[in-house]
Structures are given as structure tokens and as C-alpha cells.
Asker: 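Have a look at this one.
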Amino acid sequence: MSVFVTVGSTSFDDLIQTVSSPEVLQLLASEGFKKVFLQIGKGNIIPEKNDVIEVEWFRYKDSISQDIRDSSFVIGHAGAGTILESLIEHKPLVAVLNEKLMDNHQTELAEQMAEEGYLAYCSCSNLLDTLKECLHSKSFTQFISEPNKFPAFLEDFMGFRR
């Protein structure tokens, strides 16, 4: 079992630092995960090796689709692409809000998708508690991938279509 963590195309050092913390790594190991694989983008935080769980990282790839497919669980920034790919692959997802972004549209999307039961969302400050809840008792609504369903939902949600 493995966890894939992605920050997207920018940097999100707070997420990498939080996921790499001894508390989060210990929780993941205690839940049976053997590996945490992190996409760190342009960030300055480089995850360190530890004795609890295998940790690997990379900056960028042309596509992270296979990494999502190969994982058992996804922790990612709350970008639409990460959310959509994780849901299409039926991977449990915790979307983490980057509170340092101004006018963060990701919050609205994550809130709506969580309200509909597709994912959980949080900030870095409560990631540990959110993971405990998700790994122990949370079940997610399975996303049914229909052509254009998610793009149409997103357009309606953002007010681009009426």
C-alpha cells in the first residue's frame, strides 16, 4: 500500500513539510502503508529518509496519472486536475488547501466535492486529524466518470455556464 502526494505545478512546501512530519508518517505506517511518494514541484522542502516508512520524491513528470493509479491513497493540493484524476481512478483523496494562495478558488471546489461525498479536504494544520478520520471511518462516494460531467460541473460551479 502506498500514498501519493502531489503539490501540482507550483510549490506547496507546507504540504510537503506536514506530510513528511514524524506524526503523519507514523500514522500512515500504522495504517499499513509501506511507501509515501511525493511530487514536490518547485518547493524547497526535500523529504528526508526515515526508519518508519519508505519515502521517495520527485519534482515533475510529464504525467502523474500512473502515480495516482499505482497508489492506494492520494493527498494532494486542491486543484481541479488532481481532484479529477484521483476521482476517475477511484482513489480516496484528501485535498489540502493552500491557504497562502490569494483568492483561493480551490476552497470552493474542495468544499463542494466534499459536500457531495467524493473527498475530504483540510488545511495543513488539520491534515493529521483529517487523515485519522479518513483512514478509520470515512467512506467516499464513488465517482462515475461520464464524458464532460466534471467539466460541466466545474463550468456551472464557477459560473461560466448558465
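Computed from a predicted structure; not experimentally measured.
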Asker: Can Lys34 and Ser2 be said to form a side chain to side chain contact (heavy atoms under 4.5 Å, CB included), step by step?
Answerer: CA-CA 6 Å; Lys34 304 295 182 203; Ser2 66; over 6 Å; no

Asker: Work out which heavy atom in Phe140 is nearest to a heavy atom in Ala120; give both atom names and the distance.
Answerer: CE2-N, 3.3 Å

Asker: Check the pair Phe58, Leu38 against side chain to side chain contact (heavy atoms under 4.5 Å, CB included), reporting the backbone distance first and the verdict last.
Answerer: CA-CA 6 Å; Phe58 66 95; Leu38 303 103; over 6 Å; no

Asker: Taking the side chain from Lys35 and the backbone from Ile53, do they hold a donor-acceptor pair closer than 3.5 Å?
Answerer: no

Asker: Rounded to the nearest 0.5 Å, what separates atom CD in Glu31 from atom OG in Ser72?
Answerer: 12.5 Å

Asker: Quick one: are Tyr121 and Thr130 in side-chain contact, heavy atoms under 4.5 Å?
Answerer: no

Asker: Between His90 and Gln142, does the side chain to side chain contact (heavy atoms under 4.5 Å, CB included) criterion hold? Intermediate values first, please.
Answerer: CA-CA 7 Å; His90 304 292; Gln142 187 168 7; 3.2 Å; yes

Asker: Are the side chain of Thr82 and the backbone N or O of Ala78 linked by a donor-acceptor pair below 3.5 Å?
Answerer: no

Asker: Determine whether the side chains of Asp13 and Gln17 contain a donor N or O and an acceptor N or O closer than 3.5 Å.
Answerer: no

Asker: Roughly how far, to the nearest 0.5 Å, is CZ of Phe33 from CE of Met1?
Answerer: 4.0 Å

Asker: Nearest 0.5 Å please: distance from the CG atom of Leu127 over to the OG atom of Ser21.
Answerer: 8.0 Å

Asker: Applying ring-ring contact (aromatic ring centres under 6.0 Å, His included), can you list everything that pairs with Tyr60, at least two apart in sequence or on another chain?
Answerer: none

Asker: May I ask you to test the Leu15-Ile75 pair for a side-chain heavy-atom distance under 4.5 Å?
Answerer: yes

Asker: Any luck finding a side-chain donor-acceptor pair between Ser65 and Glu85 under 3.5 Å?
Answerer: yes

Asker: Roughly how far, to the nearest 0.5 Å, is the CG atom of Asn98 from the SG atom of Cys124?
Answerer: 7.0 Å

Asker: What residue pairs, at least two apart or across chains, pass ring-ring contact (aromatic ring centres under 6.0 Å, His included) with a residue in residues 68-87?
Answerer: none

Asker: For a quick check under 3.5 Å, do Glu108 and Gln112 share a side-chain donor-acceptor pair by atom type?
Answerer: no

Asker: For Asp129 and Asn126, indicate whether the former's side chain and the latter's backbone hold a donor-acceptor pair under 3.5 Å.
Answerer: no

Asker: How long is the gap from CD1 on Ile16 to CG on Asp14, to the nearest 0.5 Å?
Answerer: 10.0 Å

Asker: When you compare the side chain of Phe12 with that of Val96, does any pair of heavy atoms fall below 4.5 Å?
Answerer: yes

Asker: Can you give me the closest heavy-atom contact between Ile40 and Trp57, atom names plus distance?
Answerer: CD1-CE3, 3.4 Å

Asker: Can you see which heavy atom on Gly41 is nearest to which on Val7, and at what distance?
Answerer: N-CG2, 3.6 Å

Asker: Under 3.5 Å, side chain of Glu56 to main-chain N/O of Val36, donor-acceptor pair present?
Answerer: no

Asker: What's the spacing between Leu87 CG and Glu89 CD if we round to 0.5 Å?
Answerer: 10.5 Å

Asker: So, for Leu93 and Gly76, which heavy atoms are closest and what is the spacing to 0.1 Å?
Answerer: CD1-N, 4.1 Å

Asker: Show, in sequence, the C-alpha distance, side-chain angles and deciding distance for Lys91 and Ile68, and conclude whether the side chain to side chain contact (heavy atoms under 4.5 Å, CB included) test is met.
Answerer: CA-CA 8 Å; Lys91 300 300 177 173; Ile68 290 173; 4.0 Å; yes

Asker: So, for Arg59 and Ile46, which heavy atoms are closest and what is the spacing to 0.1 Å?
Answerer: NH2-CD1, 3.5 Å

Asker: Where is the tightest heavy-atom contact between Leu25 and Val52, given as atom of each residue plus distance?
Answerer: O-CG1, 3.8 Å

Asker: With side chains defined as the heavy atoms from C-beta onward, is the minimum distance between Gln39 and Asp67 less than 4.5 Å?
Answerer: no

